[in-house]
Structures are given as structure tokens and as C-alpha cells.
There are 2 protein chains.
Amino acid sequence: MSEHKVISFDNIKVACRNCSLTSLCLPMGLTPEDVDLLDAIVKRNRPLHRGDHLFRQGDKFQCIYVVKTGTVKTFDPGEDGSEQVLGFHLPGEMIGLDAIETGIHHCSAKILETTAVCEIPFTLLEELSSTIPSLQHQMYRLLSREIGHDEDMLTLLGKRNAEERLASFLLSLSGRFQRRGFSPSDFYLSMSRHEIGNYLGLAVETVSRLFTRFQDDGLLKVERKHVQLVDIERLKQIQRGDQAGVREQQVT
Amino acid sequence: MSEHKVISFDNIKVACRNCSLTSLCLPMGLTPEDVDLLDAIVKRNRPLHRGDHLFRQGDKFQCIYVVKTGTVKTFDPGEDGSEQVLGFHLPGEMIGLDAIETGIHHCSAKILETTAVCEIPFTLLEELSSTIPSLQHQMYRLLSREIGHDEDMLTLLGKRNAEERLASFLLSLSGRFQRRGFSPSDFYLSMSRHEIGNYLGLAVETVSRLFTRFQDDGLLKVERKHVQLVDIERLKQIQRGDQAGVREQQVT
DNA sequence: AGATTGCTTTGCTCTGGATCAAGTTACTTT
DNA sequence: AAAGTAACTTGATCCAGAGCAAAGCAATCT
């Protein structure tokens with residue numbers, strides 16, 4: 001019964017230069033000719049479905065992936081199966097950069113909702129980047145950004161409490177949606193409470209309780225996967241640990 | 001009274017090709033000629049002293065640094081001064097990769113003990129790397145390694161308990177010392193208990209207590225900064241959460 | 001030598017979140 | 001529609017590790 005009748009992406013001949021993600025994943029300063037060269041090595045595949053693996057830890061590293069639509073989660077499965085979620089990847093975000101060093105995928109990547117990805121053979125990308133300085137530059141920037149982002153996460157896990165972590169998480173999503181032209185205050189979560197907790201180093205129950213509490217305090221509205229951020233300012237205060245946090249006591 | 005009479009490194013004309021760190025920081029597959037080119041852009045400075053800043057968060061990013069001798073700690077000072085230690089860098093390790101993206105240093109770097117560093121102007125390195133494919137490749141690998149390492153830290157902070165974290169930390173140092181030709185089981189800590197705790201997301205007191213407990217259990221000997229790992233095997237068990245942990249109960 | 005300062009250790013108490021244990025609600029499948 | 005299953009919520013309890021306070025020790029200064 002694969003009569004899914006999904007929109008086939010095969011016939012969509014949108015080159016990189018026309019891709020709506022250009023400003024997110026492509027180097028600024030590439031000439032149209034350069035973009036065509038890059039475009040030529042990018043493979044566009046049929047959409048993947050929830051639960052599919054983009055790759056698994058231990059797989060040979062061949063390609064860098066860029067999310068076009070949908071969401072992908074990356075995680076370290078752990079010897080004993082005690083999965084650690086490493087990230088949730090939205091359209092325009094790259095996946096697989098941690099595999100360059102060893103040539104073996106260091107984490108696994110799983111589709112959270114119907115997703116289309118671009119696939120870029122790394123060897124070709126690398127060759128191309130040595131002939132196009134601005135592409136090389138962009139690659140360095142992307143890798144560097146990833147490092148910076150991971151460092152932010154280290155601070156989150158090392159220093160922030162549960163409230164601050166969830167607030168940060170929601171604000172991060174909010175900002176990323178906004179940059180993609182979606183509402184920063186009204187969106188759907190494509191990951192489960194369990195996955196959020198895992199990502200933030202919290203138990204599912206804690207995440208659930210915090211959602212309830214944030215809602216009771218008028219910071220947001222949640223219903224299942226649907227979130228509406230009502231008071232972003234106060235969420236930002238919580239994020240930076242601005243004392244008082246939720247349950248703002250009336251300061252006399 | 002700058003009559004420090006420190007060993008001047010100015011007259012040490014050790015080129016990269018002769019540097020003992022070659023296998024750690026230089027690309028495999030660079031021809032001797034390539035190494036000379038790289039060598040030409042590397043600046044070698046006089047040693048820095050405990051407490052000196054290599055750079056501060058917010059500084060303009062100009063150079064990548066490589067530790068030659070000594071130890072450097074990187075950290076995010078945090079708005080409110082609630083420092084988060086991001087890493088301890090031993091000889092052969094690179095610093096500053098997270099600044100490429102924005103051109104502004106994302107974290108600060110401080111010297112923990114008298115340290116010599118090589119300074120590589122990034123713009124020159126970047127240019128050079130586009131003419132030497134194997135150098136470019138090595139740069140990608142180094143950046144990727146950093147990402148992989150940060151991801152490992154995320155798992156450490158997100159999933160491991162205090163014992164597992166300290167064991168991991170000690171084993172990481174042990175391995176890195178070994179690769180540099182030093183004893184893997186007998187070394188000095190150049191960072192304080194406070195800094196270790198901060199790095200591992202633990203309170204100083206917890207770190208101190210764990211050292212005591214590990215010692216009581218015959219895993220290691222500590223005296224101030226001096227550590228001797230006595231039972232590395234058991235430390236590895238603890239690291240991977242191999243149940244029983246310390247206080248191995250007699251299993252009848 | 002004695003005093004000052006800054007780590008580090010140790011004991012005691014407290015708490016944020018984990019864990020355990022039921023429910024509850026929403027999808028799927030039949 | 002009923003039944004099953006997976007995700008989520010909520011309540012109750014517990015505990016690893018934080019925080020506080022007070023020594024203990026080294027290293028430096030006077």
C-alpha cells in the first residue's frame with residue numbers, strides 16, 4: 001500500500017541558485033557560475049519518511065546532507081542504547097560535519113517528519129572548494145558555526161537549570177523558524193517530549209511539567225505538538241536566568 | 001623587575017618540519033616544500049605566563065593558535081561572570097576555531113601554566129590552504145574533530161553522573177599525555193579543582209570528594225596537583241557506567 | 001617566623017529533578 | 001466503535017549532588 005501519493009521531488013528541477021534556502025546554506029559571494037558548479041554536484045532525492053535513517057553511526061561517510069524541508073534529529077546511539085540526542089535540524093541546516101575527520105559517521109540521523117534533503121558528495125565538495133575560494137571560506141564558516149553552537153550547548157547543559165534549558169530551546173526554535181519566514185511564536189514541534197528531554201539533559205516528566213508550568217504562567221500555550229509563545233520577552237528573561245523566573249513574585 | 005630571565009624562544013628557529021608536534025598538528029601528506037610554506041606564515045612568540053589572556057571573548061579574530069608547550073583553558077565568561085570552561089588545551093591542540101564564523105572570538109583563552117604558542121594568521125592559512133589541497137583537507141579534519149569532541153562532551157554532560165565524568169576527564173588527559181610521549185598514569189593537573197568542576201558541570205566540592213573516594217578505592221593517588229592513575233582498567237569501567245562503579249561490592 | 005591569601009578538603013543540610021507509578025489522551029488497527 | 005498502543009501528564013517519593021560553613025594546607029608577602 002505505498003499508494004502514498006506524496007509529492008514527488010524528482011521533477012522539481014530547482015537548482016541551488018533558485019532554492020529558497022540560498023541565503024541559509026549557500027556562500028555569500030559565490031558567482032552565479034560558481035553556484036552552477038556547486039549545483040552540479042548536489043543530488044536531490046525523493047522525500048524520506050518519519051523513522052527513516054539518513055545514516056547510522058558507523059556508516060561510511062560519503063556525503064554532507066542539507067535539510068530542504070522537514071526535520072532531522074541527530075543522535076549518538078550509545079553502546080548500551082542510551083541514546084543522546086545531539087541536535088534537531090531544520091531546513092537549510094547541514095548534517096554530517098562531524099564525520100569528516102574519521103570518514104565514519106560519528107552519530108546517527110533519523111527523520112522526524114517527511115523530509116527532503118540535498119546530498120553533497122564530500123570529496124567533490126572538497127575539490128570544488130579548493131578552486132572556489134569563497135566556497136572554501138563558507139565551508140570553514142559553517143564548520144566553525146557548528147563548533148560555536150556546540151559550545152553554547154555545553155554551557156546550557158553545564159550551567160543552566162531545567163527552566164532555562166527549556167526556555168532556550170523554545171527560543172532557539174522560534175528564532176530559527178523566524179529566519180525561515182515562519183511565525184516565531186506559533187509552530188509545531190516535530191519531536192517528542194522524550195526527545196526534547198533527552199536533548200536538554202532532562203527527564204520527560206520534567207519537560208512535561210515545565211510546559212504545564214509555562215502555560216499556567218502565561219508564557220505560552222501548548223496543546224500536544226502545537227506551541228504558541230505568548231510572552232517571548234519573559235521567556236528571554238528566564239533563558240538568561242534573570243531571577244524570579246516563572247512565578248514572578250509580586251515585587252513590593 | 002622584568003628580570004624574569006625566561007628562556008627566550010625568539011632564537012629558536014625550529015621550523016614546523018622539525019617541531020615535535022608535527023604528527024599532532026600538521027597534515028599528513030604535506031610535502032616538505034608545503035611545510036616550508038606553512039612554516040613561513042607561523043609566528044612564534046615569547047612564552048606567556050599563568051593568568052595571561054591569549055585573547056578575550058569579543059576580540060577581533062586574527063589568528064588560530066596552536067599550543068606548543070604548557071596548557072591553555074578556553075571558557076565563555078558569561079554575561080554575569082558565571083564562566084563556563086569549554087576546554088583545556090595541551091601541546092599540539094588548536095584554539096580559536098569557533099571564531100572563524102563571525103570573525104569575533106566567541107570565548108576567552110587564558111594561560112594556566114607557562115606556555116608557548118604558535119600563532120597562525122587565519123587569512124594567510126586560508127589562502128595557503130586553497131593552494132595546498134592536503135592542507136585544506138587537514139583543516140576540514142581539524143574542524144570536524146572539534147565538532148566530534150564537543151558532541152562527546154554533550155553526551156558527558158547530558159547523560160553521565162559525577163563519577164563517570166571525572167573518570168572520563170582523567171582518562172582523556174591520560175590518553176592525550178600518552179600520545180605526547182608522557183606517562184599516561186602519572187601527571188600533574190595544571191587546572192584547579194574549581195576549573196575541573198566547572199568544565200564537568202560539577203561543584204568543586206563534588207570533584208574534591210570524588211578524588212578522595214577514587215583514592216580510597218585504590219583507583220588512583222592524588223596529592224594536590226599530582227595524580228597517579230593506579231587502576232586504569234577500573235576507571236574505564238566507571239567511565240562507561242559499567243555498574244558497580246567505585247565501591248565494588250564483593251559479588252558472591 | 002608570623003600573617004595573609006587562595007586553594008582544597010570535609011561534614012552537614014537541603015533541594016531540583018530523577019524515578020516510580022498511575023492515570024489520561026490521542027492516534028491506529030481491526 | 002472497540003481495542004490496542006504510544007505519547008503525554010500528574011502525583012508522590014527519593015537521592016545525587018549543590019550549597020553552606022568551617023577547617024586544613026601551601027605558597028607568598030612583610
Side-chain angles (χ1 to χ4, degrees), chain A residues 1 4 49-51 73 82-85 110 112-113 156-167 169 188-216 220-227 238 241 243 245-247, chain B residues 1 49-51 73 82-85 110 112-114 156-167 169 188-217 220-227 238 241 243-247:
Chain A
M1 312 291 183
H4 265 305
H49 300 288
R50 176 169 178 79
K73 117 179 150 177
S82 70
E83 177 170 326
Q84 167 71 44
V85 174
K110 211 171 183 177
L112 291 185
E113 58 183 333
L156 193 75
L157 294 183
K159 291 281 169 303
R160 305 304 179 188
N161 66 23
E163 265 184 10
E164 293 162 357
R165 293 183 201 187
L166 187 62
F169 174 69
Y188 285 81
L189 300 171
S190 48
M191 67 297 288
S192 69
R193 302 284 191 270
H194 183 88
E195 288 164 324
I196 296 173
N198 187 312
Y199 178 60
L200 298 176
L202 300 172
V204 203
E205 294 93 327
T206 304
V207 174
S208 180
R209 274 185 259 270
L210 282 174
F211 269 121
T212 308
R213 199 153 101 214
F214 282 178
Q215 172 156 274
D216 290 351
L220 49 74
K221 289 183 186 167
V222 225
E223 205 200 331
R224 275 250 149 188
K225 303 276 181 194
H226 183 198
V227 180
I238 292 178
Q243 222 24 28
V246 187
R247 306 276 178 201
Chain B
M1 310 287 186
H49 299 288
R50 175 168 179 78
K73 116 178 150 178
S82 69
E83 176 169 326
Q84 166 71 45
V85 175
K110 211 171 184 175
L112 291 184
E113 59 183 332
T114 304
L156 194 74
L157 295 183
K159 292 279 171 303
R160 304 304 179 187
N161 67 23
E163 267 184 7
E164 293 162 357
R165 293 183 201 187
L166 187 61
F169 174 70
Y188 285 80
L189 300 171
S190 48
M191 66 297 288
S192 70
R193 301 285 190 269
H194 183 87
E195 288 165 324
I196 296 173
N198 188 311
Y199 178 58
L200 298 175
L202 300 172
V204 204
E205 294 93 327
T206 304
V207 174
S208 179
R209 274 185 261 268
L210 281 174
F211 269 122
T212 308
R213 199 154 100 217
F214 282 179
Q215 172 156 278
D216 290 351
D217 288 324
L220 49 73
K221 290 183 188 168
V222 225
E223 206 201 331
R224 276 250 150 190
K225 304 275 181 194
H226 184 197
V227 180
I238 293 177
Q243 222 21 32
V246 187
R247 306 279 176 198

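Residue numbering restarts at 1 for every chain, and letters A, B, ... go by the order of the sequence lines.
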Worked verdict on A/L156 versus A/E164 for side chain to side chain contact (heavy atoms under 4.5 Å, CB included) = CA-CA 8 Å; A/L156 193 75; A/E164 293 162 357; 5.7 Å; no

Indicate, with a heavy-atom threshold strictly under 4.0 Å, whether A/G197 touches base, sugar-phosphate, or nothing.
-> nothing

Span of DNA chain D, from the first to the last nucleotide whose atoms fall under 4.0 Å of chain B heavy atoms = D/dG17 to D/dA26

Tell me the interatomic distance from [X], atom [atom1], to [N], atom [atom2], rounded to whole angstroms.
{"X": "A/E164", "N": "C/dG16", "atom1": "CD", "atom2": "P", "value": "12 Å"}
{"X": "A/L200", "N": "C/dA18", "atom1": "CG", "atom2": "P", "value": "11 Å"}
{"X": "A/R160", "N": "C/dG17", "atom1": "CZ", "atom2": "C1'", "value": "18 Å"}

How many angstroms lie between atom [atom1] of [X] and atom [atom2] of [Y], to the nearest 0.5 angstrom?
{"X": "A/E83", "Y": "A/H194", "atom1": "CD", "atom2": "NE2", "result": "6.5 Å"}
{"X": "A/F169", "Y": "A/I196", "atom1": "CZ", "atom2": "CD1", "result": "4.5 Å"}
{"X": "A/E223", "Y": "A/Y188", "atom1": "CD", "atom2": "OH", "result": "8.5 Å"}
{"X": "B/R50", "Y": "B/L112", "atom1": "CZ", "atom2": "CG", "result": "6.0 Å"}
{"X": "A/M191", "Y": "A/E113", "atom1": "CE", "atom2": "CD", "result": "8.5 Å"}
{"X": "B/L210", "Y": "B/N161", "atom1": "CG", "atom2": "CG", "result": "8.5 Å"}

Inter-end axis angle, the helix from C/dA1-D/dT30 to C/dT30-D/dA1, with every axis fitted to five base pairs (rounded, 10 degrees) |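 That helix has its two terminal axes inclined by roughly 40°.
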
Might you point out which heavy atoms bring B/R165 and B/L200 nearest each other, and give the distance in Å?
-> NH1-O, 2.8 Å

Nearest heavy-atom contact between A/F211 and A/R193 is CD1-NE, 3.6 Å

Around atom NZ of A/K225, are there more than 12 heavy atoms of other residues, nucleotides or ligands at under 6.0 Å?
-> yes

Write out a two-atom table: protein N or O, nucleotide N or O from nucleotides 8-11 of chain C, distance below 3.5 Å.
residue, atom, partner, partner atom, Å
C/dT8, OP1, B/K225, NZ, 3.2
C/dT8, OP2, B/R193, N, 2.6
C/dT9, OP1, B/R193, NH2, 3.2
C/dT9, OP2, B/R193, NE, 2.8
C/dT9, OP2, B/S208, OG, 2.9
C/dT9, O5', B/S208, OG, 3.0
C/dT10, OP2, B/T212, OG1, 2.7
C/dG11, N7, B/R209, NH1, 3.0

